[in-house]
Undergrad: 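Below is a structure I'd like to ask you about.
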Amino acid sequence: MKLARFAVEGETRLGRVDGDHVIDLSAVAPGLNGSMRHLIDRLHELRPAIEKADAPRVPLSDVRLLAPIDDPRKFLAIGMNYKAHAEEAAAAGIPMPKSQLWFNKQVSCINGPFDDVVIPKVSEKVDYEAELGFIIGTRCRHVSHEDARSVIAGYFVANDVTARDWQFRSPTYTLGKSFDTHGPIGPWITTDDEIVDPHDLTLTLSLNGEERQRTSTGDMIYNIWVQIAYLSTVMTLEPGDIIVTGTPSNVGIATETFMKPGDIVRIEIDALGAIENRFISE
Ligand code: MN
């Protein structure tokens with residue numbers, strides 16, 4: 001299933017994407033107030049009705065797709081999780097981490113899959129990072145590698161937009177990763193059952209139509225199961241929490257080229273769709 005949030009006639013709705021239409025789930029999943037977190041929390045119970053729902057159908061071209069979730073309680077991200085990217089970072093003077101490097105993006109940075117991303121006046125080094133994201137479906141703690149897949153609800157495409165000048169001003173990365181609009185995600189959540197192997201997907205990013213990043217998600221240093229085991233050693237993971245899994249090589253900082261107003265960044269992952277965002281001045 002592909003689960004989306006969308007706006008139609010000024011209202012936010014949840015839907016199931018079916019080909020080039022979206023089926024409004026207001027009737028089969030009432031009382032959720034457009035909250036994907038609440039839908040994910042009740043997915044087990046609601047799933048049969050959602051799968052069966054066939055109406056009302058709205059052409060995708062008539063709606064504005066929103067971030068598939070805008071109210072997660074956590075937005076976590078792992079850094080330097082592809083070998084070639086960790087090497088380019090090391091070449092730029094950032095030491096290669098000896099264990100999983102986690103940081104927060106504040107949830108207020110979440111942005112729609114096709115919405116504009118703002119280049120803040122206070123940054124001259126805004127950069128893209130194409131990433132595979134996943135969303136937790138089950139409240140859990142101390143999850144083994146073997147059981148990790150069972151706590152995932154689904155996957156999405158993310159751009160971990162980063163203000164490099166702010167990122168390196170402090171060791172936590174938090175501010176440089178959390179400017180408003182710097183978390184475009186989408187275009188929807190593809191549920192885990194539709195994905196054969198999340199570690200065998202092709203991820204690409206193009207800037208103004210020219211390819212900049214390409215990898216298989218199989219090239220992660222710490223795969224998703226290892227990430228879930230490590231994070232859940234520390235904290236309870238809850239339905240709706242979102243986690244992005246690192247970017248491959250050839251981010252802008254590698255060549256000291258950063259986002260300019262008018263730039264268009266498109267990120268695509270096999271089976272998950274694409275997001276495309278224009279960068280604009282503040
Ligand atoms: Mn990242």
Side-chain angles (χ1 to χ4, degrees), residues 67 69 72 74-97 99-111 113 117 119 123 125-135 155-186 198-199 201 203-207 212-224 226-228 230-231 241-255 257-259 265-269 272 275 277 279:
I69 181 164
K74 302 184 195 74
F75 187 170
L76 289 156
I78 189 169
M80 290 185 263
N81 195 33
Y82 284 86
K83 190 161 177 283
H85 173 59
E87 285 168 358
E88 81 184 352
I94 306 152
M96 197 143 1
S99 56
Q100 296 182 41
L101 187 164
W102 286 99
F103 56 88
N104 290 293
K105 285 177 84 75
Q106 301 304 296
V107 300
S108 46
C109 82
I110 290 173
N111 196 7
V117 173
I119 301 171
S123 176
K125 295 191 172 183
V126 173
D127 204 351
Y128 55 75
E129 295 190 355
E131 308 203 9
L132 168 65
F134 66 92
I135 180 164
Y155 307 90
F156 58 88
V157 181
N159 190 345
D160 175 17
V161 180
T162 305
R164 298 291 179 205
D165 33 11
W166 285 71
Q167 178 186 3
F168 299 122
R169 272 181 205 169
S170 78
T172 67
Y173 291 6
T174 305
L175 297 184
K177 294 287 190 174
S178 295
F179 275 89
D180 283 2
T181 75
H182 284 195
I185 57 173
H199 303 112
L201 301 174
L203 164 68
T204 57
L205 177 145
S206 65
L207 170 60
R212 290 297 177 98
Q213 294 189 287
R214 172 178 287 269
T215 192
S216 163
T217 55
D219 286 344
M220 286 180 202
I221 297 171
Y222 300 104
N223 74 27
I224 295 172
V226 174
Q227 294 174 32
I228 289 172
Y230 197 68
L231 285 173
D241 286 352
I242 59 174
I243 296 165
V244 294
T245 59
T247 199
S249 60
N250 211 27
V251 291
I253 196 175
T255 53
T257 48
F258 298 103
M259 304 311 300
V265 173
R266 179 183 173 85
I267 305 174
E268 188 163 359
I269 300 180
L272 304 184
I275 65 173
N277 303 88
F279 283 71

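Read the numbers this way: they start at 1 and go in the same order the structure lists the ligands and their atoms.
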Undergrad: For side chain to side chain contact (heavy atoms under 4.5 Å, CB included), just list the numbers for L203 and I267, CA-CA rounded to whole Å, side-chain angles, deciding distance to a tenth of an Å, and then say yes or no.
TA: CA-CA 7 Å; L203 164 68; I267 305 174; 3.8 Å; yes
Undergrad: Taking only residues at least two apart or on different chains, which pairs with a member in residues 101-111 satisfy salt bridge (charged side-chain N to carboxylate O under 4.0 Å, His left out)?
TA: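 As it turns out, the salt bridge (charged side-chain N to carboxylate O under 4.0 Å, His left out) pairs with a partner in residues 101-111, which skip direct neighbours, are K105-D160.
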Undergrad: For K125, enumerate each residue passing the salt bridge (Lys or Arg N to Asp or Glu O under 4.0 Å) test, keeping only those at least two apart in sequence or located in another chain.
TA: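 If we apply the salt bridge (Lys or Arg N to Asp or Glu O under 4.0 Å) test to K125, skipping adjacent residues, the hits are E256.
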Undergrad: For K83, does the NZ atom sit with more than 12 other heavy atoms under 6.0 Å from it, leaving out its own atoms?
TA: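 No, not enclosed.
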Undergrad: Less than 6.0 angstrom separating the ring centers of Y82 and H85, yes or no?
TA: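 No, too far apart.
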Undergrad: Sort by chain and number the protein N/O/S atoms that are closer than 2.8 Å to the Mn ion (ligand 1), and list them.
TA: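 Listed by chain and number: E129 OE1, E131 OE2, D160 OD2.
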Undergrad: Run the ring-ring contact (aromatic ring centres under 6.0 Å, His included) test against F75 and tell me which residues pass, sequence neighbours left out.
TA: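 Once residues adjacent in sequence are excluded, F75 has no partner under the ring-ring contact (aromatic ring centres under 6.0 Å, His included) criterion.
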